[in-house]
Amino acid sequence: MTVPPPAEIRRIVYFGSPETAVPPLLALYEAGYEIPLVVTRPDRRRGRGTDEGPTSVKAAAARLGLAVTDDLEAVGSARADLGVVVAYGEIIGDRLLDRLAIVNVHFSLLPRWRGPAPVERAILAGDPETGVCLMELASEIDTGAVYRRASTPIGPGETAGELRARLVDLGVELLTEALASGFGSPTPQAGEATHASKISTAELKIDWTEPAERIQRLIRVGGAWTMFRGRRLKIHAARLVPPGEPVSPGIMAGTRVATGAGWVELVTVQPEGKLLRSGTEWLNGVRPSGGERLGS
């Protein structure tokens, strides 16, 4: 469906789930739009316990006094002029798309990195830049035509969390500008499409035979891990350092670790079952012997 002109957009149904989707919801609320309904994913179990917790968007909507549901069927009675999707995480079927104009804020330069993990995939691939697209929602994931886009360089040490926060700000700017001045006619995506599949735990395991630059990119994504003395060690932050003596990958020289090409320095780590600590604090506690290596 065609997006109405700005003067006709007063009531917006919002679709979102994670913390990333909270700032756009707040921006719409603060701009004075009526939000008759917020649609989010169902409550899910958190951590290893049995208690279920709400999504970040559900919690934010509750604080604002907005109606919240995980039932897409409820959208039909909301009498909305427009739907806005930000990291919702569920499929919105053709039946709803035929009844309501819906736009999507996606965190990549489409058609590169369609899918649920565009920020992480851009970092892992070593992309020099990424961005945000404001697009029409289509039945096939992230294939809709684009109303507006904005690009931004990816910093050499920027983490996925830091980059995502900047992209959210860009997305809010694109959305509010389009609501104020009109969406115009969207442009079909052009170029080679790539898919941004979710990052698995197995994929986050560090292979120390890979180059230091690749390993640092994996750590910047978040959740990277290795083994030490048979227990998991998460690496939360590391930096590239000048190469040392050529030794086998995984061998440590203080907080520096040899890789397949180059060295990284452990900045922040988290041993299994313990709190975060600096690389130096961890090293002073474990006191590795000569020849011990990460990854074993």
Shared hydrophobic cluster for Val38 and Val103 (ILVMFWY, side-chain gaps under 4.5 Å):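 Yes, Val38 and Val103 fall within the same hydrophobic cluster.
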Cluster link Leu218 to Met252, ILVMFWY, side chain under 4.5 Å: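 Yes; tracing contacts between hydrophobic side chains, which count when under 4.5 Å, links both residues.
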Donor-acceptor pair, side chain of [X] and main chain of [Y], under 3.5 angstrom:
X: Arg11; Y: Arg79; result: yes
X: Gln189; Y: Asp142; result: yes
X: Arg112; Y: Pro118; result: no
X: Arg239; Y: Glu265; result: no
X: Glu210; Y: Gly260; result: no
X: Tyr147; Y: Leu174; result: no

Please determine if [X] and [Y] form a salt bridge, counting it only when a charged side-chain N lies under 4.0 Å from a carboxylate O.
X: Glu292; Y: Arg287; value: no
X: Glu213; Y: Arg217; value: yes
X: Arg41; Y: Glu90; value: yes

Note, Trp113 side chain near Thr130 side chain (heavy atom, < 4.5 Å):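 Not in contact.
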CA sep, side-chain torsions, deciding dist, call: Asp70, Lys58, salt bridge (charged side-chain N to carboxylate O under 4.0 Å, His left out): CA-CA 9 Å; Asp70 57 32; Lys58 182 176 181 178; 5.9 Å; no
Spatial distance of atom NE2 (His195) from atom NZ (Lys198) [nearest 0.5 Å]: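 Answer rounded to 0.5 Å: 10.0 Å.
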From CG (Asn104) to OH (Tyr88), nearest 0.5 Å: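 So the gap between those two atoms works out to 12.5 Å.
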Short side-chain donor-acceptor distance under 3.5 Å, Ser197 and Arg121: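 The criterion, which ignores hydrogens and geometry beyond distance, is satisfied for Ser197 and Arg121.
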Verdict with reasoning, Arg10 to Glu34, per salt bridge (charged side-chain N to carboxylate O under 4.0 Å, His left out): CA-CA 6 Å; Arg10 297 180 179 86; Glu34 293 181 56; over 6 Å; no
